[in-house]
Structures are given as structure tokens and as C-alpha cells.
**Q** 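Pasting in a structure now, in C-alpha cells, and then I'll have a few things to ask.
These numbers were taken from a predicted model, which means no experiment stands behind them. Counting starts at 1 for both ligands and their atoms, in listed order. Values below: all heavy atoms of this structure, side chains included; hydrogens, waters and symmetry mates excluded. Sequential numbering from 1 along the given sequence is applied to the chain's residues.
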Amino acid sequence: MRYGLLDRDDLPSMLGSLTKEQLDELCGEIRQFLLDHVSQTGGHLASNLGVVELTIALHRCFDTSRDRLLFDVGHQCYTHKILTGRKDAFGQLRQFGGISGFLKPSESIHDACITGHASSSISVAQGMAHARTLLGEDYSVVAVIGDGALSGGMAYEALNSAGASKEPLIVVLNDNNMSIDKNVGAMSRHLQHLRVQPEYIRMKQDVKQVLDRSRVGERAANWISRSKRAVKSMVLQCSMFEQMGFTYLGPVDGHDVLAICDLLQIAKDMKKPVLIHVKTKKGKGYSYAEQQPNKYHGVSKFNIATGQPLKKAVTNFSTEFGKELVRLAKTNPKICAITAAMPSGTGLGTFSQLYPQRFFDVGIAEEHAVAMTAGMAKQGLRPVCALYSTFLQRAYDQLIHDVAIDHVPIVLGIDRAGIVGEDGATHNGVFDVGFLRQIPGMTLLAPSSYAELRGMLRSAVQHTDGPIALRYPRGGEGAYTEDHWQGQAAVCLREGTDVALVSYGIMINEALQAAELLEAHGVSTAVYKINILTAAFSDEFLRQVSQCGRVAVIEDVMHAGGVGQALAETLALQQIQMNWIRLFHTDSSFAPQGAVRQIYEYYHLDGNAVAKTCLEAIQHEKEETGRSSI
Ligand SMILES: Cc1ncc(C[n+]2csc(CCOP(=O)(O)OP(=O)(O)O)c2C)c(N)n1
Ligand SMILES: CC(=O)[C@@H](O)[C@H](O)COP(=O)(O)O
Ligand SMILES: [Mg+2]
């Protein structure tokens, strides 16, 4: 596919000299490129369509091989990657061995830091700015943060600190009035009222030019500067950002490259904390995405002409979770639902429409979501807080301080638990088992099918003995049928069983596949599914495992704090002799992006790898003991 300007090898160096017409042409080519590629690979579409002009303006004003440019969340970095030498890699966007859908320093010097979780960019940027100054270096630091990411508390911690520090730093607020779904919160309303008359900007520029040209004395310059501030405070509603020590510039049309460049240049020259408020349209340039920016925030492969996904949507754990919660809420008026800006992703869309008074979207504020949930439960409601596993990491202290110590009975729906795949290391939910199992009084359940999810949620909303959590993956793609697990015998040890395979949640599929492969090699197996990850191992279970003498534990989490580690520790402490133990986990490393199954294979978590490892262990045992009994 030819794009014209975008195909020019000298594009980065000529970007600064393009005329307005050429810039418009380039923006059109980049939008077409985004549609051509994201429709084939899937990814984040609407956010990227909305920042084409902004990103070009940033690259016209800054050299990102030296200047540090941070995109908050980073899901809107595709144009940045196109302009920094990775255009040809978009065929492998978010694929195993391809480029990440977020900033990733290991990919390019132009990627200042890892991104993926919202609201951290200003903090990291302030740190970089301090380093620059203390090391006597000279480069710009720019953080681009969306209005959604600005609903995260960490952003205010950073604004508060950066504004007071007076460290030169540019924050570009990309305000499209959308998070994934409609943006929420008082800040969103504040942004709508912020107006800086264009005349005021021009007056400031005129005054600056006069100052530059006339070399007036220091006193006169200070007087003029004081009068400017007086004029501004009289004619303009002071923004919260200025109260926090930032100079506020804008709002400016986020689809006018040259207008953005003007403000970027002013901000650069100010050498102080400056916030530029940019107004953009999420999904700009593609009618389907403009009309439904939430639906086109994250997309699977789709038909550009019709906007329709190429694959028919199948149900998944989030959908089943949301449907069951609606059923439960019908007869229990105390049930409430809380989300941190992910109503669609966590399956709570229908609940929010049927029970708007009992639905709370707190914005990208997971810490606040968990603490607020605790308050609701404390006072007699039955709150169910649905968060992605990876984003729950944000609320670890609240789980301890506001929930567990007082044994508060909240319900947590931990979505996207385990390997998520295409979003990569920043989004895999591989820490929740470790950090939840060590919290006293926490009950952690792991459903292996939609039916089990429904049953466990029904039990959870009745559970009053402290906090209870269900962890489940996104699912979909046919692996999780209704009676997926019910079809299997609740397996006990048969006499002479050779290998016990222990797993839980979605990884029970890998254990069942490994069992099948081992049986085909004449190895008799028993598959054990653990439902409550925080329960102690029963004496009967330990007796059976010890009788077998060989056990493999398969789980989609880090080794530390996992069930495998707990079982190995229990066997050791009870001095139960085993021929061998094999633990399968995400081996305390970060996986690249890729399809879920590819990442299972990356970690040797798939049924084939488990069976292979067990056969090798059996072979080794035979060689060591000369025993051929298996
Ligand atoms: C801590 C955290 N919670 C939730 C998310 C999921 N998430 C990804 S993008 C997004 C919305 C971001 O909105 P905004 O910053 O306005 O960017 P836009 O997509 O509008 O450009 C959310 C909630 C996340 N990445 N990080
Ligand atoms: C960028 C971000 O954090 C979200 O858009 C996330 O990618 C959503 O993941 P799902 O597609 O699994 O809902
Ligand atoms: Mg937004």
C-alpha cells in the first residue's frame, strides 16, 4: 500500500518544513495507514485516530531521540511509532515477535518509558525533568495525558508536586471528553468550562514580542508581567492547573497542527511547568469510530467499509459475570456494582442501565474504587467491585488497610486474570494470586467455566466472612463451554495412579490436555481442580498426592505466592516424601505481547509442554531408581 508523504524516507527530517497543505495530506495518509493496519491486526483505534495532528505537532517541535515524550497509558502511540521508524512493523502490531501496542523503550530510543497503566506519565516526566536539571543536561520533557487518565489520582499527586517544583515540564492534556466509555467525574466537567480567550493568547504573544524587541528594563518587564497576570485573572476563570503551579495554555484545536505548535513553542520557551489543553475528537476521520468511540476504543480485526468485526463476538467471562450480577441484583437491592472506568470491559454495561442508582463508575481510580467499596460494605450494602487483575495492583494497600484488617465483606470480580496476550506484560494478570493469598481473611475463588463463575458469584454475594474475590480470564473463543468442567469426573486417585496434575481456573484445560497426552503414553493420571485458592490443602488431598508420589501444578501466575509453591511448602513441612514435584507458572519473568496460547507456550504452560516435562521427569526417575513401574 502506497501512502505518498508517509513513504518518504526523509519524513522525520522534513516534518518541520511541511506546509499546512502537506501536513493535512500527511494526516490523511496516517489515518488511512492506521485503518489499513489496525483493521488487520486489531488494537486501539479511536484513541490513535484522535491524536494524529497532535503527534505530528509534537514531532515537529521536539526531537524525541533526545527530548523525552511520554504518552500516558500509551495506547495512543501508534502515530509516534509510525514517525519513529516502525511503520513497517505495523503488520505485527501487538503480535508475538512484533511491536508492542504501548511505548516500549526496548523497541526504540524514541520510547521514553514503559506505559500501559493510566495516570503515571506526569510522575515519570517530573522525575526525568529533575534528572535533566541535576545532571546539567538540556532537553525537553513532555507528558501527553488524556482526560480519562486525568481522572486517576496519581496524576494529581504529580501535578501538585511538579507545579510546586517549578521544574520546566510540559503537560499536554488531550481532552476528547472520553475515557474508554464516556468520561466521568468533576474534573471532566471542569475541563468543559475552561476557556482562555484566543485574544488573550495573542496579547501575551504581542507583549512577548515587544519585550524581546525593545529590551525594556527589568522593572518594566516585571510590571508588564504583573499586569498580564492581573488581566488574566480578571478575564479568565482560573484553572485548577494554575492553582497547582502550572501555566495553563489553551484550549486549542487538537486537529490544527500549526496552532498546537505555536503553544508548544511558547511552553518550551517558558521554562517552567506548563499545561497545554488540547481538544480532540476520539475516532477522528473514521465515521464509525467518531460516532461510537467507546466501541472502537479497542478493536479486533474489522471490515473498514462496514466497521463490523470479522469474527462474530462470542460470550466471555465478563459478559457472563455481568449477566449473573444483574440476575442477583433483581432480588437483592443491596447489591451495587463499582468499576474504575471499565464498565464495558467488565461486563457491567447492562447493570448500569438497569440499576443506575446502584452503579458507580469512579473513573480510572482503582485505589478509590476499592476503598469506596469498603465503605459501602461497612454500612450494609453488598458492593461488587469489578477490576482487571492488572489494574487491581493499584489498590493493593486499600485491600489490606481499608478491607482486610477490618474483615470487611466486599466482593471483587477480578477480570482478565492470567495471561491477556496482545496487551503484553503491562496487562497480564499474573500477580493477583500471590498478593491475595497472603492477605489474612481473603477468600479467593477460581472458576473454570461460565457455570462455575455464576455459581461462585452467587455464593460470593452471600459470603459475609470478610472479603471474597473471584479471578477469571477474558475468555471467549470457545474454550469455555457451559459444562466445560462438569463433564469431567471429580477425579480421585485410582490405585496405581502415576502422576497427579493440579490446577485451577482456566488452566485446568492445560492440565486435562496434559493428562490425555500422558495417558496416551501409558502414564495413568489424576487431575485435581482447586476452587478456593486461599484454602489449606485437605488431609485427604495430601494423602492422595503423597500416595501417588508425583505431582505437577499448572497455574497462570508468578511462582512466588502461587498454589504450586504453597503445595511444595506444605509437602516439605509435613515431611511427605515425593518422587518429584514439577511447578508450571509464569516463572517470574515478563512476557512479550502475543496470542494467549503463544504466551502459554512461551512459559511452557501449555498441555503439551506439561506432558513433555512430566515424561522427562518419569524418564529421569527410571534412570535414577531403575524402577520401571511406570
Ligand atoms: C490504571 C489503569 N486503569 C484502567 C486502564 C484501562 N484504560 C486504558 S485506556 C483508558 C481510557 C483512557 O482515557 P484517556 O486517557 O482519555 O485516553 P483516550 O483513549 O481518550 O485517548 C482506560 C480506562 C488503564 N490502562 N490503566
Ligand atoms: C489500553 C487499556 O488498558 C485498555 O484499553 C485495555 O487494552 C483493555 O483490554 P481489553 O481489550 O481486554 O478490554
Ligand atoms: Mg480521553
Side-chain angles (χ1 to χ4, degrees), residues 42-52 54-55 71-79 94 100-103 114-122 143-155 172-185 187-188 191 254 278-284 289 293-300 313 316-319 339-349 361-370 386-395 415-424 426-429 472-476 593 596:
H44 289 95
L45 183 66
S47 312
N48 281 287
L49 289 170
V51 296
V52 173
L54 172 57
T55 309
F71 286 94
D72 200 286
V73 182
H75 62 308
Q76 74 293 56
C77 72
Y78 295 3
T79 299
R94 304 184 345 136
S100 164
F102 303 101
L103 293 185
I114 283 286
T115 58
H117 284 198
S119 320
S120 65
S121 63
I122 304 173
V144 179
I145 185 167
D147 54 313
L150 197 63
S151 63
M154 200 171 160
V172 178
L173 169 56
N174 171 33
D175 177 8
N176 55 21
N177 202 22
M178 289 295 292
S179 188
I180 292 182
D181 295 277
K182 193 112 181 62
N183 203 3
V184 296
M187 170 48 78
S188 176
L191 292 179
V278 171
K279 303 281 278 186
T280 63
K281 182 160 191 56
K282 191 162 183 175
K284 174 89 175 171
N294 57 338
K295 182 180 169 191
Y296 288 84
H297 172 86
V299 294
S300 54
N316 59 28
F317 276 95
S318 320
T319 306
T339 177
M342 308 287 283
S344 308
T346 55
L348 294 179
D361 179 353
V362 296
I364 309 180
E366 287 81 3
E367 308 94 310
H368 168 57
V370 170
L387 299 172
Y388 286 18
S389 169
T390 190
F391 303 141
L392 175 63
Q393 291 162 194
R394 278 268 164 95
D415 201 332
R416 279 27 174 213
I419 301 300
V420 296
E422 288 82 4
D423 274 343
T426 54
H427 283 62
N428 286 325
Y472 45 91
R474 173 173 41 218
Q593 68 284 344
V596 171

**Q** What is the nearest protein non-hydrogen atom to atom 7 (N) of ligand 1, stated with its residue, atom name and distance?
**A**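 Among all protein heavy atoms, the one nearest atom 7 (N) of ligand 1 is I180 CD1, 3.7 Å.
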**Q** Below 3.5 angstrom, do we get any N/O pair linking H427 and ligand 2?
**A** yes
**Q** Any N or O on M178 sitting closer than 3.5 Å to an N or O of ligand 1?
**A**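 M178 vs ligand 1: N/O contact under 3.5 Å present.
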**Q** Below a 4.0 angstrom heavy-atom separation, can you tell me which part of V420, side chain or backbone, both or neither, approaches ligand 2?
**A**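 Neither; nothing of V420 gets under 4.0 Å from ligand 2.
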**Q** Is any N or O atom of I364, backbone or side chain, closer than 3.5 Å to an N or O atom of ligand 1?
**A** no
**Q** Do any of the N, O or S atoms of N176 sit under 2.8 Å from the Mg ion (ligand 3)?
**A**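 Short answer: yes, at least one N, O or S atom is under the cut-off.
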**Q** Considering distance alone, does some N or O of H427 sit under 3.5 Å from an N or O of ligand 1?
**A**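 Checking ligand 1 against H427, no N or O pair falls under 3.5 Å apart.
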**Q** Nearest non-hydrogen atom to atom 4 (C) of ligand 2 belongs to which of R474, E422, H44?
**A**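 The nearest heavy atom belongs to H44.
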**Q** Does L387 reach the side chain of D415, with side-chain heavy atoms less than 4.5 Å apart?
**A** no
**Q** Do me a favour and list the nearest non-hydrogen protein atom to atom 6 (C) of ligand 1 with residue, atom name and distance?
**A**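 Ranking protein heavy atoms by distance from atom 6 (C) of ligand 1, first comes M342 SD, 3.5 Å.
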**Q** Describe, in one word, how the ring planes of H297 and H75 are oriented to each other, choosing from parallel (under 30°), tilted (30 to 60°) and perpendicular (over 60°).
**A**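 Tilted.
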**Q** Distance to 0.1 Å, residue and atom name: give those for the protein heavy atom nearest to atom 1 (C) of ligand 1.
**A**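 Sorting protein heavy atoms by distance from atom 1 (C) of ligand 1 puts R394 NH1, 3.2 Å first.
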**Q** Identify, by name, the N, O or S atom of D147 lying closest to the Mg ion (ligand 3).
**A**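 Looking at D147, the N, O or S atom with the least distance to the Mg ion (ligand 3) is OD1.
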**Q** Give the contacting part of D147 toward ligand 1: side chain, backbone, both or neither, where contact means a heavy-atom distance below 4.0 Å.
**A**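 Near ligand 1, D147 shows its backbone as well as its side chain.
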